[in-house]
Colleague: 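Input: one structure, supplied below.
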Amino acid sequence: MKISTMALIALLALGVSGCSKNTIPDPDASATAADGGADASTGGYGADGTSGGEFVDDDLLGPDGEMGMVIYFDFDQSELRPEYTDLLARHATHLANNPGTSARLEGHADERGSREYNIGLGERRSQTVRRMLLIQGASANQISTVSFGEERPAAVGSDEEAYSLNRRVEIKYTQ
Amino acid sequence: MRNPFMHCLRLSMGTLLLATLGLSARAELVIEITKGVGQRTPVAVVPFGWEGSDASEPMDIAAVIAADLERSGRFDAVDEESMLQKPTAGVDVDFDDWSIVGTEAIVVGKLTQTGDNAYSLQFQLFDVFGKKQLVGYRMPASRGTMREAAHRAADMIYEKLTGIPGVFGTQVAYVTSQGEGKGKTYTLVVSDADGENENTIMESRDPIMSPAWSPDSRRLAYVSFEGNQSSIFVQTLRTGNRVKVSSLPGINGSPAFSPDGRKLVLTLGGVDGNLDIHVLDLNSRELTRLTTDRAIDTEGSWSPDGREIFFTSDRSGGPQVYKVSVNGGTAERITFEGSYNARPRLSPDGRKLALVHLDRGNYRIAVLEMDRRQLLVVSTGSQDESPSFAPNSDSLIYATRQGRNGVLETVSADGLVRSRLAAGQSDVREPVWSPFPRY
């Protein structure tokens, strides 16, 4: 088990450094030749440990007592619906008050159309949310974005009900 | 099997399963021809003769060849029952017996065992009415390469009869997903073009996207979301070794190998999420940015001469296809018909461009003739995507829907011959046709 323990430590280290590095453009990152990829590919899983749950903070709870971690978008739109203004203000304040905290914005699209183009549409939605958070006090190094396009639907189905649940940005606090 | 990733695999409790070629997968693709040309040429593939010390022949070669020819939609294989004779060599063929039943071409051959796991496959193709041999060939095979040899024979027969190189010996890479929600797994698979011989290349709990063949068919580039970050990997099929070639902050997507195999075109989004087309030199790691527009620029694809990149951009409002020189400069718009044209893929001969086209509310595959700039819709689904040309430029493969699952279809570039590859219970998408095999 010795090798596993060492590998685990290495993985955790990679995961943590991967997070803090996320918002800093690193031209050398593309030149990383990870032979076999096992270390690099599993490196992120240390950070992924939080994906199963969420931290609860008073300042994140809305009037209804809900945290509000998902923002939905209209068809073919990346503009923020007015109903989400307060919700994003709470997240921005939370980030501004907790500089050690960071959030990952996961953008998604519905299943229609081309897959890589949908990655672009999901990212555009993440960026809308990111800009709102930055404007209201969060700092750039606290926020990273990822787009899953149509690859991780929240609702299964090929109707407008499913589509409207899948056009979304999920806010994931990573620490 | 000794696998260098085994300790990792246990550590991540199966979150990432890396498998190399050699593992056979569960469901094999089953092919049904959904639409064929009106007049199919009747061809008789006579059961092959067998000489050897093994108890029986290791494979029904004639059946593989006949299935290949039928799958093309251009031929009807004559039933064994209606064969008046079953010759295994050209000298025994009585052409009159075959012309009576309307057979236009006949294939005869035999399999001979030459060693413990060594065989010789010989076949001859005859023009029944002209009473002459069109091609004859003998090739060595082992039990492991027997099916490949049969496909190769079918390729030679197909080319003699149609003038178009056959693609029965090629492979297809595609992505499947199984399960829902947290238990969902994604698999990158390579199979023969007839759906047989499936091999799992990579398996993950996180999405896998956009597989792309290297021109020598030895490597696949793909996007993986391991660790909730998109990264581009290049994996060598035989060894399973892979290299992470791009993992910058933001989007790393849409890889495609240059015709010389030395570069990848890819999409990078950066921290600000402005997707642009870049070219990465795989040796020097030098990165060249080709587009700077604030719109989404993605889905880059090389022209066969390696001088231009075709890509999707929504700089005009909706997605349309553009091209740009690999040296940069101004992009030129290519598509004008309709409000949605995306994911361009040029045929290897450079004469046709396949794309996803919004056709009266349906996302369908269309082929744009580059000379006349005429657009032909060749698929009939409502959510068809990911077109990829066969290396002979004559047909293409794409993903369509059957119920809730994605399935694969092939269609001739003129839209006349279509067949479906159904794949068990998994959701199949993003097929990419391999280049020609090297014999």
Side-chain angles (χ1 to χ4, degrees), chain A residues 3-4 7-8 11 14-15 18 21-48 51-52 76 104 106-107 111-117 119-121 123-124 126-127 130 140 144-149 151-152 156-158 172, chain B residues 4-5 7-8 10-12 15-16 18 180 184 186 207 209-210 224-231 233 235 240-254 267 269-273 275 280 285 287 296 298-299 312 314 319 340 342-343 356 358 363 383 385-386 401 404 429-430:
Chain A
I3 187 155
S4 291
L8 179 60
L11 284 174
L14 273 167
K21 205 171 65 178
N22 247 355
T23 51
I24 302 161
D26 178 4
D28 288 333
S30 70
T32 311
D35 185 41
D39 49 350
S41 62
T42 52
Y45 287 101
D48 198 28
S51 68
D76 208 22
R104 183 175 66 241
E106 299 182 352
E111 66 183 14
R112 289 170 289 180
S114 190
R115 286 176 181 269
E116 284 280 3
Y117 181 66
I119 290 284
L121 293 180
E123 178 72 6
R124 204 174 255 168
S126 292
Q127 292 292 336
R130 177 174 176 265
S144 63
T145 60
V146 63
S147 174
F148 290 105
E151 310 301 319
R152 268 191 179 157
V156 180
S158 298
K172 298 269 176 80
Chain B
F5 306 114
H7 67 275
C8 254
R10 260 184 257 119
L11 196 66
S12 58
T15 308
L16 172 77
L18 247 185
E180 297 295 343
K184 197 165 185 171
Y186 301 81
M209 284 182 73
S210 304
S224 171
F225 284 81
E226 296 152 39
N228 292 307
Q229 144 88 34
S230 61
S231 303
F233 290 88
Q235 184 165 329
N241 285 339
R242 61 178 197 160
V243 177
K244 190 191 279 187
V245 297
S246 183
S247 190
L248 289 163
I251 287 168
N252 300 264
S254 254
T267 299
V271 177
D272 295 328
L275 280 70
L280 174 69
R285 303 281 166 170
L287 199 56
I296 295 172
T298 188
E299 301 179 330
T312 308
D314 63 1
Y340 192 111
R343 220 245 185 209
V356 176
L358 185 58
Y363 294 89
Q383 287 194 41
E385 57 185 23
S386 306
R401 291 294 175 97
R404 255 154 61 171
R429 64 282 189 111
E430 297 204 85

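If you're wondering where the values come from, they're calculated on a predicted model, not measured in any experiment. Side chains are part of it too, since the values below use all heavy atoms of this structure and drop only hydrogens, waters and symmetry mates.
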Colleague: Indicate the atoms forming the closest heavy-atom contact of B:I296 with A:L121, along with that distance.
Modeller: CD1-N, 3.7 Å

Colleague: List the atom of A:Q127, the atom of B:G273, and the distance in Å for their closest heavy-atom pair.
Modeller: NE2-N, 3.2 Å

Colleague: Is any side-chain heavy atom of B:D314 less than 4.5 Å from a side-chain heavy atom of A:R124?
Modeller: yes

Colleague: Using non-hydrogen atoms and a 4.5 Å limit, figure out which bit of B:D272 sits close to chain A: side chain, backbone, both or neither.
Modeller: both

Colleague: Could you walk me through whether A:R112 and B:L358 pass the side-chain contact (heavy atoms from CB on, under 4.5 Å) test, one step at a time?
Modeller: CA-CA 10 Å; A:R112 289 170 289 180; B:L358 185 58; over 6 Å; no

Colleague: Indicate the ring-plane relationship of B:F225 and A:F148, choosing parallel, tilted or perpendicular according to the 30° and 60° boundaries.
Modeller: tilted

Colleague: At a 4.5 Å cut-off on heavy atoms, which part of A:E151 comes close to chain B: side chain, backbone, both, or neither?
Modeller: both

Colleague: To the nearest 0.5 angstrom, please state how far the CD atom of A:E111 sits from the CD atom of B:E385.
Modeller: 8.5 Å

Colleague: How long is the straight-line distance from OH of A:Y117 back to CG of B:L275, given to the nearest 0.5 Å?
Modeller: 10.0 Å

Colleague: Under a 4.5 Å heavy-atom cut-off, does chain A meet the side chain of B:S254, its backbone, both or neither?
Modeller: both

Colleague: Could you walk me through whether B:Q383 and A:S158 satisfy the side-chain contact (heavy atoms from CB on, under 4.5 Å) test, starting with their C-alpha distance in whole Å, then the side-chain angles of each, then the deciding distance to 0.1 Å, before giving a yes or no?
Modeller: CA-CA 10 Å; B:Q383 287 194 41; A:S158 298; 4.0 Å; yes

Colleague: Highest number of heavy-atom pairs under 4.5 Å with chain A: which of B:E430, B:R429, B:R401?
Modeller: B:R429

Colleague: Roughly how far, to the nearest 0.5 Å, is the OG atom of A:S114 from the OH atom of B:Y363?
Modeller: 10.5 Å

Colleague: Which distance, rounded to the nearest 0.5 Å, do you find between the CD1 of A:I119 and the OG of B:S230?
Modeller: 7.0 Å

Colleague: About how many Å separate CG of B:N228 and CZ of A:R104, when rounded to the nearest 0.5 Å?
Modeller: 4.0 Å

Colleague: Going from CD on A:E116 to CD1 on B:I251, what distance comes out if it is rounded to the nearest 0.5 angstrom?
Modeller: 8.0 Å

Colleague: Would you mind reporting whether A:V146 and B:Q229 have side-chain heavy atoms less than 4.5 Å apart?
Modeller: no

Colleague: For chain A, which of B:G253, B:G269, B:G270, B:S386 has the most heavy-atom pairs under 4.5 Å?
Modeller: B:G253

